[in-house]
Amino acid sequence: MLDARFVRENPDVVRKAMADRCASWSVDGFLELDTERRALIGELEGLQARRNEASKLIGGLMRDGKRDEAEALKAEVREINERISAIEAHVEAADTDVRNMLLTAPNLPDESTPFGEDETFNPEVRRWGTPRQFDFEPQAHWDLGPSLGIIDFERAVKLAESRFVLLGRDGARLNRALINFMLDVHGANGFVEWSPPALANAETLTGTGQLPKFEEDLYQTTDGLYLIPTAEVQLTNIHRDEVLEASDLPLRYCAYTPCFREEAGSAGRDTRGMIRVHQFDKVEMVKFASPETSFDELETMVAAAEGILQKLDLPYRVIILCTGDLGFSAAKTYDLEVWLPSYDGYKEISSCSNCTDFQARRAAIKYRSTGEFKGSRLAHTLNGSGLAVGRTLAAVIENYQNADGSISVPAALQPYMGGQTVIEPPAKPVG
RNA sequence: GGAGAGCUGGCCGAGUCGGUCGAAGGCGCUCGCCUGCUAAGCGAGUAAGGGGGUAAAGCCCCCUUCGAGGGUUCGAAUCCCUCGCUCUCCGCCA
């Protein structure tokens, strides 16, 4: 959420930010609602002040036994109250209008976020590793997985519907190995591990920005809870309505959770394999930082995500999202894209963002510092995948495949696979 | 699911025959004093959100908030109703 006062005082800055984002949020529409709201509040508070004053007088008159004068005042206050309740309804409506509008405004891009209309303008920052040259025709994971008996798309449809995945045998074990490996690496880097609920309430999802604007992307339960689309939601909201100590910052958290997404509006995209599915595993990182250090923390968060890919020896590149491609809550975002032979290109596997005070304002996440400043300030929140496990699994399968249809287990994962070094094709066809 | 107790400021915790209570006291914190150092001690200050005033930092005025919402009243942390959450006991259960 943007600061209403900032929008009021810097309309041109916000206008430019929205234009850069190709967002349709109307600054003028907001200013109009905001002005109306403040006028109504002024009117209401004037009446309330008079009522409070009169009530105090009544108290004194009653004590002094001046009943008649008190009764006259009471009658006056009754009248004031009628006017107050009439205006209150208007103020409430104006409050709701302003808040709703503010809740649908995306974050302001940081000045270091490059301008661009869409993803084709995202500049590449760096590459790591070299895509492997195969001396045989490499298979896509959606072919290789089923033939190895470690991914079963057809039965997943039977169990749920399309865009779900059933992992089996060494596929399930490899998936679990990846989760444990990622958590261990992040833990060694100082990220505190959590295991949060997979369901979240509306307030939580509003705090991180999924609600109210993106409800159609979420699975909702019959009693009003939502399946989390990412652990970012829970990790960030851990400190909702809290005041942190500056000396504790930055806080570095991580968690493994399943993630659930409706993928509304992406019909026809990435239809094959486990790249875009309704449920996937992810290890997520979240940081709480002071405004002074948050952009440095973003760099080290990207490095932490890169560390996983490097240890797995998977080629990748880092891009920075331009203004037109930036997510709703983010001021600056780096994407990590892993090399996928089946796509003959790089595919997003991690997204690391600094949301500055945008989520903190929604979720009331503050920090205080004795001596440095009075009161409390909004913290900055950051989040990043470290990494999307399903896509990592697909990348491992494709990049580590051998001519005989087997898969080598990356060295970093072997300790998590009981020392196993290769996943072999089954002796007889998988049934 | 049944019964009971509770939900107050950064934290703990007073506060019910409704008024001067945004709220005693304590802890913590800030500033100052004192003390070879430290600890202890002394004094003052210290909730959040919103609206307005001032050129502006400071500052000043006002409104709202004692789990949430509604009601009674001139006036509610205090009375009534509904809901949520926490705790204890019972039942059930991975």
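Numbers restart at 1 for each chain; the letters A, B, ... are given by sequence-line order, proteins then strands.
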Quiz: residues 262-277 of chain A side-chain donor-acceptor pairs under 3.5 angstrom, not counting sequence neighbours:
residue  : atom : partner  : partner atom : Å
A/Glu263 : OE1  : A/Ser266 : OG           : 3.2
A/Glu263 : OE1  : A/Arg276 : NH1          : 3.3
A/Ser266 : OG   : A/Glu263 : O            : 2.8
A/Asp270 : OD1  : A/Tyr343 : OH           : 2.8
A/Asp270 : OD1  : A/Lys347 : NZ           : 3.3
A/Asp270 : OD2  : A/Arg276 : NE           : 2.8
A/Asp270 : OD2  : A/Arg276 : NH2          : 2.9
A/Asp270 : OD2  : A/Lys347 : NZ           : 3.4

- request: Taking atom P in both B/G75 and B/G13, compute the distance separating them and give it to the nearest angstrom.
  value: 33 Å

task: Taking the side chain as every heavy atom from C-beta outward, state whether A/Tyr367 and A/Ser376 have any atom pair closer than 4.5 Å.
output: no

Residues in residues 28-46 of chain A with a heavy atom under 4.0 Å of RNA chain B, by number, are A/Arg37, A/Arg38, A/Ile41, A/Glu45

A/Glu53 CD to B/U20 P, in whole Å, measures 15 Å

*Does the A/Gln414 side chain pair with the main chain of A/Val409, one donor and one acceptor, at a distance under 3.5 Å?*
yes

request  = Would you check if the side chain of A/Asp64 reaches a backbone N or O of A/Lys66 as a donor-acceptor pair within less than 3.5 Å?
outcome  = no

Which of B/C74, B/U64, B/C62 is nearest the side chain of A/Lys74? It is B/C74

Quiz item: Taking the C1' atom of each, how far is B/U38 from B/U46, in whole Å?
Solution: 26 Å

Please give the distance between the C1' atoms of B/A76 and B/G69 as a whole number of Å.
15 Å

Rounded to whole Å, CG of A/Asp248 lies from C1' of B/C29 at a distance of 15 Å

Inset, instruction - Determine the interatomic distance between P on B/G19 and the same-named atom on B/U78; round to the nearest Å. - result: 12 Å

(message) Measuring centre to centre across the rings, with the benzene-like ring taken for any Trp, is A/Phe115 within less than 6.0 Å of A/Phe121?
(response) no

Basic-acidic side-chain contact under 4.0 Å: A/Arg261, A/Asp217 | no

**Study point:** Phosphate OP1/OP2 of B/C62 contacted by A/Arg50 side-chain N/O (<4.0 Å)
**Key:** no

Per the 3.5 Å Watson-Crick/G-U criterion and a run length of at least three, the stems involving RNA chain B are B:1-7 with B:84-90, B:10-12 with B:25-27, B:28-33 with B:41-46, B:47-53 with B:59-65, B:67-71 with B:79-83

Item to complete: Considering only atom P, compute the distance from B/U65 to B/G6 and round it to an integer number of Å.
Response: 24 Å

**Study point:** A/Arg368 bridged to A/Glu245 by N-O distance under 4.0 Å
**Key:** yes

Q. Mind checking whether A/Val91 and A/Leu40 have side chains closer than 4.5 Å, heavy atoms only?
A. yes

The residue, A/Glu92 or A/Asp3, whose nearest nucleotide of RNA chain B is more 5′ is A/Asp3

Side-chain atoms of A/Arg368 come closest, of B/G19, B/G10, B/U64, to B/G10

Residues at least two apart in sequence or cross-chain that pass side-chain contact (heavy atoms from CB on, under 4.5 Å) with A/Arg15, listed by chain then number, are A/Pro11, A/Asp12, A/Val27, A/Asp28

Q.
Give me the distance, rounded to whole Å, that separates B/G45 from B/G50 when you measure between the P atoms they each carry.
A. 26 Å

Discussion item. Taking the P atom in each of B/A3 and B/A94, what is the distance between them to the nearest angstrom?
Written reply: 25 Å

A/Leu378 atom CG is separated from B/A48 atom C1', nearest whole Å, by 13 Å

- Message: Tell me if a side-chain donor or acceptor on A/Thr323 pairs with a main-chain N or O of A/Asp20 at a distance below 3.5 Å.
- Response: yes

Between CE of A/Met62 and C1' of B/G18 the distance, given in whole Å, is 12 Å

Report task. Assign A/Arg377 to base, sugar-phosphate, or nothing according to its heavy-atom contacts below 4.0 angstrom with the strands shown. Result -> nothing

Regarding the side chain of A/Ile58, the nearest nucleotide among B/C74, B/G10, B/C62 is B/C74

With syn meaning chi within 90° of zero and anything else anti, the base of B/G52 is anti

Taking 4.0 angstrom as the limit, do A/Glu53 and A/Arg50 come out as a salt bridge? no

- [ ] Sticking with atom C1', work out how far B/C11 lies from B/G18, rounded to a whole angstrom.
- [x] 29 Å

With a 6.0 Å cut-off on ring centres, are A/His239 and A/Phe288 close enough? yes

*asked:* For A/Thr208 and A/Gln359, which I'm curious about, is there any donor-acceptor pair between the side chains at under 3.5 Å?
replied: no

Measure from the ring center of A/Phe328 to the ring center of A/Phe214 and say whether it is less than 6.0 Å. yes

Under 3.5 Å, N/O pairs linking protein and nucleotides 56-60 of chain B:
none

- Salt-bridge contact A/Arg37-A/Asp95 (side-chain N to carboxylate O under 4.0 Å): yes

- Indicate whether OP1 or OP2 belonging to B/G49 is found under 4.0 Å from a side-chain N or O atom of A/Lys366. yes

- Query: Looking only at side-chain N and O atoms, does A/Arg99 come under 4.0 Å of OP1 or OP2 in B/G50?
  - Reply: no

Between CD of A/Glu245 and C1' of B/G28 the distance, given in whole Å, is 9 Å

When rounded to whole Å, the CG to P distance for the pair A/Asp95 and B/U65 reads 13 Å

Taken to the nearest whole Å, CZ/A/Arg361 to P/B/A48 is 17 Å

Closest to the side chain of A/Arg78, out of B/G51, B/C63, B/C74, is B/C74

Between protein and nucleotides 75-79 of chain B, what N or O pairs are separated by less than 3.5 Å?
residue : atom : partner : partner atom : Å
B/G75   : OP1  : A/Asn81 : ND2          : 3.1
B/G75   : O4'  : A/Ser55 : OG           : 3.4

Paired with A/Lys332, the side-chain hydrogen bond (donor to acceptor under 3.5 Å, both in side chains) test is passed by just one of A/Ser112, A/Ser353, A/Ser294, namely A/Ser112

Separation of B/U8 atom C1' from A/Asp241 atom CG, nearest Å, is 16 Å

Contacts of A/Ser376 and A/Ala54 projected onto RNA chain B by closest heavy atom; the upstream (5') one is A/Ser376

- Is any side-chain N or O of A/Asn201 closer than 4.0 Å to OP1 or OP2 of B/G84? no

